[in-house]
Undergrad: 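Below you will find the structure I want to go over with you.
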Amino acid sequence: MTLTLLPMEVPLLDAVLAIEVRAYSFPWSRANFVDSLAAGHLTHCLLSPEGELLAYQVAMAGFEEWHLLNVTVSPDHQGRGLATQLLHRLIDHARGTGAEWLWLEVRPSNERARRLYAHLG
């Protein structure tokens, strides 16, 4: 399956929010995403060949570092390596900017994310 990678834009926010509220007990608000877009944070959205939003991420640049703010895969499409694809894209981008660090936060209860982050080093 060939996926499309696009930057997150306002027309995608309804689909982003639909995934966000299904995926998390404490989801980001529309304002959080709008603020991230307005701030110029790096965003990626993965879409299916049919145009369905499958996953997205938001990252913020710092001095010689990047901060992963949000990476989410639709609950219907988890376990297919989509988060790994997005994170590899972010890692490549961060390296290309000369960043020495990639920071993230994860709830201790989020075992799936913790395993993914450990796997990616």
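Heavy-atom basis, side chains included; hydrogens, waters and symmetry copies ignored. No experiment lies behind these values; they were computed from the predicted model shown.
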Undergrad: Tell me the closest heavy-atom pair linking Leu46 and Leu3, and the distance in Å.
TA: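 Smallest interatomic distance, heavy atoms only, reads CD2-CB, 4.1 Å.
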
Undergrad: Could you give the distance from OG1 (Thr4) to CD (Glu52), rounded to the nearest 0.5 Å?
TA: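 Rounded to the nearest 0.5 Å, the OG1-CD separation comes out at 12.5 Å.
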
Undergrad: Step by step, would you call Val16 with Trp28 a side chain to side chain contact (heavy atoms under 4.5 Å, CB included)?
TA: CA-CA 10 Å; Val16 167; Trp28 276 25; over 6 Å; no

Undergrad: Mind checking whether Val58 and Val71 sit in one hydrophobic cluster, side chains of I, L, V, M, F, W, Y counted as touching below 4.5 Å?
TA: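 Val58 does not cluster with Val71.
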
Undergrad: Report the distance from atom CG of Leu68 to atom NE2 of His41, rounding to the nearest 0.5 Å.
TA: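 The distance works out to 11.5 Å.
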
Undergrad: Please report the closest heavy-atom contact between Leu90 and Gln57, naming both atoms and the distance.
TA: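 Shortest heavy-atom contact: CB-NE2, 3.4 Å.
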
Undergrad: Given Met8 and Leu13, is the side chain to side chain contact (heavy atoms under 4.5 Å, CB included) satisfied, shown in steps?
TA: CA-CA 8 Å; Met8 187 182 294; Leu13 288 185; 4.0 Å; yes

Undergrad: Between Asp35 and Asn32 (side chain of the first, backbone of the second, donor and acceptor by atom type, cut-off under 3.5 Å), is there such a pair?
TA: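 Side chain of Asp35 to backbone of Asn32: no pair is present.
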
Undergrad: List the steps, then state whether side chain to side chain contact (heavy atoms under 4.5 Å, CB included) holds for Ser48 with Leu54.
TA: CA-CA 7 Å; Ser48 74; Leu54 306 175; 4.0 Å; yes

Undergrad: Group every Ile, Leu, Val, Met, Phe, Trp and Tyr by side-chain heavy-atom contacts under 4.5 Å, then state whether Val34 and Ile19 land in the same group.
TA: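 Yes; tracing contacts between hydrophobic side chains, which count when under 4.5 Å, links both residues.
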
Undergrad: Hey, what do you get for CG (Leu17) to CZ (Phe33), rounding to the nearest 0.5 Å?
TA: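 Answer rounded to 0.5 Å: 6.0 Å.
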
Undergrad: With a 6.0 Å cut-off (strictly less than), is the heavy-atom count around CZ of Arg107, excluding the residue itself, greater than 12?
TA: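 No.
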
Undergrad: Applying side chain to side chain contact (heavy atoms under 4.5 Å, CB included) to Arg112 and Gln78, what does each step give before you reach the verdict?
TA: CA-CA 10 Å; Arg112 176 176 257 162; Gln78 291 179 358; 2.8 Å; yes

Undergrad: Tell me if the aromatic rings of Trp101 and His67 count as close, with their centers under 6.0 Å from one another.
TA: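 Trp101 vs His67: aromatic centres not under 6.0 Å.
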
Undergrad: Could you tell me whether the side chain of Asn70 reaches within less than 4.5 Å of the side chain of Glu20, counting heavy atoms only?
TA: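 Sidechains of Asn70 and Glu20: in contact.
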
Undergrad: Are any of the side-chain heavy atoms of Tyr117 and Leu87 separated by less than 4.5 Å?
TA: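 Tyr117 reaches Leu87 side chain to side chain.
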
Undergrad: So, taking the atom named CG in Leu69 and the one named CH2 in Trp103, what distance separates them when rounded to the nearest 0.5 Å?
TA: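 So the gap between those two atoms works out to 14.0 Å.
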
Undergrad: Quick one: OG1 on Thr43 to CG on Leu86, what's the gap to the nearest 0.5 Å?
TA: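 The OG1 atom of Thr43 sits 10.5 Å away from the CG atom of Leu86.
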
Undergrad: Might you point out which heavy atoms bring Trp66 and Ala94 nearest each other, and give the distance in Å?
TA: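 Smallest heavy-atom distance, with atoms named: CD1-CB, 3.4 Å.
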
Undergrad: Indicate yes or no: at least one non-hydrogen side-chain atom of Leu102 is less than 4.5 angstrom from one of Ile91.
TA: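 The answer is yes, as the side chains (C-beta and beyond) meet within the 4.5 Å cut-off.
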
Undergrad: Looking at Cys45 and Leu53, what are the two nearest heavy atoms and their distance?
TA: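 The answer is CB-CD1, 3.7 Å.
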
Undergrad: Testing the basics here: between Leu37 and Glu9, what is the closest heavy-atom pair and its distance to 0.1 Å?
TA: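 Of all heavy-atom pairs spanning Leu37 and Glu9, the closest is CD1-C, 4.1 Å.
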
Undergrad: Looking only at non-hydrogen atoms, find the nearest pair between Arg22 and Ser74 and report the distance.
TA: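 For Arg22 versus Ser74, the nearest heavy atoms are NH1-OG, 4.0 Å.
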
Undergrad: Can you tell me how far apart CG (Leu6) and NE2 (His44) are? Round to the nearest 0.5 Å.
TA: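 Going from CG on Leu6 over to NE2 on His44, the span is 10.0 Å.
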
Undergrad: Output, in order, the C-alpha distance, side-chain angles, deciding distance and verdict of side-chain hydrogen bond (donor to acceptor under 3.5 Å, both in side chains) for Tyr24 and Thr72.
TA: CA-CA 9 Å; Tyr24 298 112; Thr72 304; 2.7 Å; yes

Undergrad: Say whether Leu47 and Leu82 are linked into one hydrophobic cluster, either directly or through other cluster members, by side-chain heavy-atom distances under 4.5 angstrom.
TA: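 Different clusters.
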
Undergrad: Do other residues, nucleotides or ligands put more than 12 heavy atoms under 6.0 Å from Glu111 CD?
TA: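 Yes, CD of Glu111 has more than 12 neighbouring heavy atoms, counting only those of other groups under 6.0 Å.
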
